[in-house]
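So you know, we letter chains A, B, ... as the sequences are listed, proteins then strands, and number each from 1.
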Amino acid sequence: MDNSEVAAVFHEIADLLEIQGVSFRPQAYRRAAQNIGQMDDPLLDVMKDGELEELPGIGKAMARTIQELLETGELEYLKTLRAEVPSGLLELIRIPNVGPKTAMLLHRELGISSLEQLKKAIDEHRLAAMKGLGEKTEERIRQGILLVEASIGRTLLGEALPIAEAYMEHLRGSNGMMMSVAGSLRRGKDTVGDIDILVGSDDPAAIMDAFISYPLVDAVIASGSTKSSVRLKGGMQVDIRAVAPGSYGAAQQYFTGSKEHNVALRRIGVEKGLKLNEYGLFERDSGREVASATEEDVYRALGFPLIPPELREGSGEIEAALNGALPELINEDQVLGDFHVHTDWSDGANTIDEMVASAIAKGYEFVAITDHSQSLRIANGLTPERLNDQVRKVREADERADGRIRVLAGSEVDIKVDGSLDFPDDVLMDLDVVIGSVHSRFQMDKREMTARVVNAIESGMIDILGHPTGRLLGQRAPYEIDLPAVLDAAAMNGVCVEINSFPDRLDLKAEDCRTAKGLGVKVSIGTDSHGIEHMDFIRLGVITARRGWLEAKDVLNTYSAPEVLKTLRSRR
DNA sequence: GCCGTTTTCGGCCCGACTGTTTTCAGTCG
């Protein structure tokens, strides 16, 4: 049992205890789970060294729990808890606006112990009539269910990519065969339904064998000579398709999609007397092969430059390619820094020095330290006094870096309900970079929320609007806001909008980035890192920027440290 | 169940919001 599995058990214990109405112990288990999840060393090694109790949040009892799990793979305590709480209640508390108390109430009063039963009860209007609930609560829960169901069967890009890459590593073995992801994953959609892998090989049978014998496979759904599907532990479906190396480019094009893009491309082929399929591009009359080895060949033969996968959504990329107006998309190696990084001064896991070292290791020219402000108590937000102390530490870290990197002093300051900022102006003036973010009162009406955010933008005190729509993929819809109005205000005031690279945010989303670019608003990419391992999320932000048609010049992160500082300082 | 520069018991980030209530319970971040 590895660390993440132990962490998962601890989360389940916390859920089960919460449903039972136990206080404080759930938080203890969650804190422990989080710490275990962030560890580098395997728990097994720590246990062998007899140092489990040295871990933060782990005492005698949890050390014993971990030992039992590692040695037997099971846990008596968990079995006991599971016997006490119907398993269906665990899925009920995943629904927004349904917590442990409501789940237990529904179980006790209406005998509900599954999502299906809850939906039926809502259809029959049985919640509204209950004591303690009512019409509005019933409606809120109904909306919550819709949100959860919309995300079922989809996996975050940031989760699917590493799964796909590890799988391909397993398949590739020693020889460097042609292989890549395809489908929506290759196009970089923020969530994907499954993982598609494409292989170019003369020996597909061997690949198929390796594919279905991957250790993480839970069930083989289909297994053929050139095409197979499996379901992994954890539920993700993975499809593989093998073609001859000579057809690899055409197959890549075909299986990357999107459907709309391919339809448009084939239509253009027809006009030229050509036929396009996964094996190649052919003359319609003679059947002669025109192109197939590389994607670039296929596109060129149709009269286009290579259209990057991220643009292939049938949203104007064909026309742009025909007019020679495709953007020169930003690349990850053009990103020179990260604008959104938390430390252990607020709710991050690592110190300033550790985050800076990580940024240096990534080859950055600059990194901004942006911890939370005082109102966000849950995240240990900084008071003006603590911020003042932190700025001094950041300046010292900058000195110590001795030119290897510029460390920028910043803050992710809360935009309060009235649009004012959580620090007075004179405090903000001391900072190199200020991100303004909404973290409270998400359910304001559209007019109020728009006014709130525009007010913050017009204060002249923020450089970047953080996660501008507040969405959490699969968990929370974006808040009601007039985004074009917000982007207009950003353009007028020279404020950047963020692409928050955290896997469940990716906010702004790609389509909105394109709108921002059209209005002349610059985009800043920030990882929102709460630990060094999050800094690699920058990649997800870059993919999102690419899907939003952004070029290097549209993204503040591609500017050199002196240019960045000049841009930021000119604003206040 | 964990933890300790208020320390071995008694706290535990806690305030805002909503809907259901006449003073509060549940959820969220």
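Closest non-hydrogen pair, A:A490 versus A:V497, comes out as CB-CG1, 4.4 Å.
Put simply, the side chain of A:N35 gets close to the backbone of A:R31: a donor and an acceptor are under 3.5 Å apart.
Comparing B:dC17, B:dC2, B:dC14 by their nearest atom to the side chain of A:R441 picks out B:dC17. Comparing B:dT20, B:dG29, B:dG26 by their closest approach to the side chain of A:T137 singles out B:dT20. With distances taken from any side-chain atom of A:P96 to the nucleotides B:dC28, B:dC17, B:dG1, the minimum falls on B:dC28.
Figure legend: A:R476 and A:F442 shown as a cation-pi pair, the cationic atom lying under 6.0 angstrom from the six-membered ring centre and within 45 degrees of its axis.
Using a 4.0 Å cut-off, no side-chain N or O of A:Q27 falls inside it from OP1 or OP2 of B:dG1. At the phosphate of B:dG15, neither OP1 nor OP2 sits under 4.0 Å from any side-chain N or O atom of A:S375. Residue A:R377 has no polar side-chain atom (N or O) positioned under 4.0 Å from OP1 or OP2 of B:dC13. For A:S440, no side-chain nitrogen or oxygen approaches OP1 or OP2 of B:dC17 to under 4.0 Å.
Under the 4.0 Å criterion applied to side-chain N and carboxylate O atoms, A:R392 and A:D389 are assigned as salt-bridge partners.
Counting any heavy atom pair closer than 4.0 Å across all strands shown, A:L376 reaches no nucleic acid atom. A:R476 comes within 4.0 angstrom of sugar-phosphate atoms only, judged by non-hydrogen atoms across all strands, and of no base.
With A:H439 as reference, A:L376 is the one residue of A:L376, A:D422, A:I415 to meet the side-chain contact (heavy atoms from CB on, under 4.5 Å) rule.
A straight line from CZ of A:F10 to C1' of B:dC2 spans 12 Å, rounded to a whole angstrom. Whole-Å rounding puts the A:E138 CD to B:dG26 C1' distance at 17 Å. Straight-line distance from the CE atom of A:M444 to the C1' atom of B:dC17: 12 Å, rounded to whole Å. Taking atom CZ of residue A:R140 and atom P of nucleotide B:dC28, one finds them 8 Å apart after rounding to whole Å. Taking atom CZ on A:R471 and atom P on B:dC28, their separation rounds to 20 Å, with Å as the unit.
Searching all strands for a Watson-Crick or G-U wobble partner of B:dT8 with both distances below 3.5 Å returns nothing.
Comparing A:G59 and A:E135 against DNA chain B, the residue whose closest nucleotide sits nearer the 5' end is A:G59.
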